[in-house]
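Lettering follows sequence order; numbering is per chain, from 1.
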Amino acid sequence: MLEIRDLHVSVEGKPILNGITMDVKKGEVHAIMGPNGSGKSTLSHVLAGREGYEVTSGTITYEGKDLLEMEAEERARDGIFLAFQYPVEIPGVNNSYFLKAAVNAGRTHRGEEELDAVAFMKLVREKMKLVDLKDDLMKRAVNEGFSGGEKKRNEIFQMALLEPRLALLDETDSGLDIDALKIVADGVNALRTDERAIVMVTHYQRLLNYIVPDHVHVLAAGRIIKSGDRSLALELEERGYGWVLEQEAAA
Amino acid sequence: MSAVDHYLNAFEAEAAGLPGRGQPWLDGIRDAGIERFAEVGFPTPRNEQWKYTRVAAIEKRRFGLPAAATPVTARQLEPFLFSGLACDRLVFVNGRYASALSSISEGEVRMESLAAVLKNEPALVEQHLAHYGDMKRNAFTALNAAFMLDGAYVHLPRNVAAERPVHLLFVSTEDGGEFAAHTRNLIVAEEGSSGKVIESYVALGDGGYLTNNATEVVLGANSELEHYKLQEESLKAFHIAALDVHQDRDSRFTSHAVSFGALLGRQDINAVLDAEGAVCNLYGLYVADGRQHVDFHTTVEHAKPHGTSREFYKGIIGGRARGVFNGRVHVHQDAQKTDSQQSNKNLLLSHHAEVDAKPELEIYADDVKCSHGATVGQLDDNMLFYLRSRGIDKEAARGLLTYGFAQDIIDHMSLAAVRDHLEGILVRRVPAAESVAGIL
Ligand SMILES: Nc1ncnc2c1ncn2[C@@H]1O[C@H](COP(=O)(O)OP(=O)(O)OP(=O)(O)O)[C@@H](O)[C@H]1O
Ligand SMILES: [Mg+2]
């Protein structure tokens, strides 16, 4: 589904990703861990199509297409979803209008009919239950005045509404208390299917107890320096990153 | 013939026919107006108040009386009404009262054509008319004083709470030609009264006329007025206006000034908080694109203690348009415990758009709370990416954010019907208007 080959990315002339190669197949869950500033969010942003990054070499292929040729909104309509590490507050833009536009953009792209207000609200109510959000958030501006936990749950709620094929979750677990973490994790698990791939960035093994990954990667200084299965995450939790970095330096 | 001579000659020719001519006090005002104008002429950029706004295009024309235009029908006015709003309405066509198009209900609030008052009962307005607009400071106010022809007189008697808002609708027609409408409104709220007045300036067609309006608002002790001003003139027209507000003790004045139209728009808003405990809120939104030029000059005079003022203005400037905001707050020595906040935020939608934003704080009292700030910026990249990452295309995202930027100014308005109307206009003025309208 997603093939990243030797991806090099710079921002304002400064190299941030230094040769990432990674394969994600349908139905898989990948976890990316790594020290602060190692390039995890940069990778998610580049995948989602944010402007301002310079891809100096390498390729990204998504379902056989050259992803780097697509605009952010085209990628979204084509099934890529990014849950932001820092969801953005947008004053003056009503949450429910925004979400309806997002849902209908995807539907139009797939050749489906747009949802009217009634059908949309029905869908909203159904999906809100999944992450235990209150309806009144729909009347407010996008993320404005939402608590940290509400913002993160709102991201997963959007994922549930948009039903992406490739979901990138950037630290969706950070800043959540244990109950909220469980709600979010249950939400994500409910969306886990054989057709959908999930890449989640996290600092904490805790999340991986709830959402069990098929693959775990360590990203450091813009490169994947180690990949393994779930046990790698447990080992990282116990021993920190030092030993992986040393192994990498020795190699 | 110079521009000044043109208006001097016009005054000589028309003065005898102006309403209320022969009333010594009124003649005095008109004569002082034309003399002042003859003395200073149209403002030039050397005048600090007009540094960024050149009126050479107005000076070049020879605006006179409107040509005889085809009558306006009620149906033609429909787009300019606020649907669902029960209000009294005075309609003015090319600067003259049109009684057939107006509807005034029976009630304690008095409202009528100012020309009629000047003809029939001039003593009613003698105390206030032209007492607040400073013709020394503003040559257009002087010109208006000389030529003022018609407009509305609205009177809220003591302790009366007006049941319905009053809508003053000024319509200019294209077949009126290149005329000047020197409209004058006087709104008097006596002690303890309250009401809402909406002034709108609109066009049928694409005329290149001049509106030169002066509105005076007098607020008695503990009275309250919510004033709306919607400027939606033709994009070839000139709109110059002065709103002068005088506030007595504990009075509360709120202004919502929204500017969409005119090739060149300049509004001066001056509020004098002339007794203790007065509250003044000034909200404004200006939208300009193409080659439009829009200028707001506001002044809040805190003359006495315990006054409060809040001023929030936003501008959306695209194309090759230019916006000017000058917000002056003057806290007099006597005005202790003044609480004043001002903010002006501008959004530039193109590289050729330009804004000059200048807060001017002059504080002569020591125990006051004053803050101000002005910003000029572009749409936020994080917000744009967030919307796009959900499948909303770039232009629609720009449109939505532009619309959202203006929203809080509109949210301050208490009349839902006016908010709806303005949102409808706003949505047509943002990038990807059609997509945005489909989303909202
Ligand atoms: N727009 C930018 N301009 C300059 N530097 C940037 C920009 N975006 C990212 N960087 C830099 O790139 C590096 C990687 O940042 P990134 O946000 O991808 O890290 P991260 O792995 O997600 O970190 P964290 O765990 O703290 O979220 C950092 O050094 C960061 O300062
Ligand atoms: Mg990050």
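- The two residues B/G404 and A/V93 make their nearest non-hydrogen contact at CA-CG2, 4.1 Å.
- Proximity to chain B is absent for every atom of A/N94, based on heavy atoms less than 4.5 angstrom apart.
- Taking OH from A/Y97 and CG from B/L440, the interatomic distance works out to 6.5 Å, rounded to the nearest 0.5 Å.
- Atom CG of A/L82 is separated from atom CZ of B/R390 by 6.5 Å, given to the nearest 0.5 angstrom.
- The 12-atom threshold is not exceeded at CZ of B/R291, counting heavy atoms of other residues, nucleotides or ligands nearer than 6.0 Å.
- Between A/A76 and B/G391, the shortest heavy-atom distance links the atoms CB-N, 3.3 Å.
- By the 6.0 Å contact criterion, CD on B/E434 is open, its count of non-hydrogen atoms from other residues, nucleotides or ligands being 12 or less.
- Of all heavy-atom pairs spanning B/D393 and A/E73, the tightest one is CA-OE2, 3.5 Å.
- Counting non-hydrogen atoms of neighbouring residues, nucleotides and ligands closer than 6.0 angstrom, the NZ atom of A/K127 exceeds 12 such neighbours.
- The 12-atom threshold is not exceeded at NZ of A/K26, counting heavy atoms of other residues, nucleotides or ligands nearer than 6.0 Å.
- Heavy atoms of B/N382 lying under 4.5 Å from chain A belong to its backbone as well as its side chain.
- Here CD of A/E71 is found 6.5 Å from NZ of B/K394. Values are rounded to the nearest 0.5 Å.
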Please report the C-alpha distance between B/R388 and A/E51 in whole Å, then the side-chain angles of each, then the deciding distance to 0.1 Å, and finally whether the side chain to side chain contact (heavy atoms under 4.5 Å, CB included) criterion is met.
-> CA-CA 11 Å; B/R388 295 178 69 193; A/E51 290 171 0; 2.9 Å; yes
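- In this structure, chain B has no heavy atom under 4.5 Å from any part of A/E114.
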Is there a side chain to side chain contact (heavy atoms under 4.5 Å, CB included) between B/Y386 and A/I90 once you walk through the steps?
-> CA-CA 9 Å; B/Y386 193 78; A/I90 309 186; 3.9 Å; yes
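- For a residue to count as touching a neighbouring chain, one of its non-hydrogen atoms must lie under 4.5 Å from one of that chain's; by this rule A/Q158 touches chain B with the side chain only.
- Proximity to chain B (any heavy atom under 4.5 Å) is shown, for A/R50, by both the backbone and the side chain.
- Residue with the most contacts toward chain A among B/D380, B/L400, B/I392, B/D408: B/I392 (heavy-atom pairs, distance under 4.5 Å).
- For A/V142, the part lying near chain B is the side chain, with the backbone staying farther off; criterion is any non-hydrogen pair under 4.5 Å.
- By the 30° and 60° cut-offs, the orientation of the rings of A/H45 relative to B/F385 is perpendicular.
- Interface remark: B/L387 contributes backbone and side-chain atoms alike to the contact with chain A (heavy atom separation under 4.5 Å).
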For B/M383 and A/N143, run side chain to side chain contact (heavy atoms under 4.5 Å, CB included): C-alpha distance rounded to whole Å, both residues' side-chain angles, the deciding distance at 0.1 Å, then the answer.
-> CA-CA 11 Å; B/M383 296 185 194; A/N143 289 320; over 6 Å; no
Take A/F84 and B/S389 through the test side chain to side chain contact (heavy atoms under 4.5 Å, CB included) and record every step on the way to the result.
-> CA-CA 10 Å; A/F84 283 58; B/S389 78; 3.4 Å; yes
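- The local environment of CD in A/E113 is sparse, with at most 12 non-hydrogen atoms from other residues, nucleotides or ligands closer than 6.0 Å.
- Looking at B/D411, there are no atoms closer than 4.5 Å to chain A (heavy atoms on both sides), in backbone or side chain.
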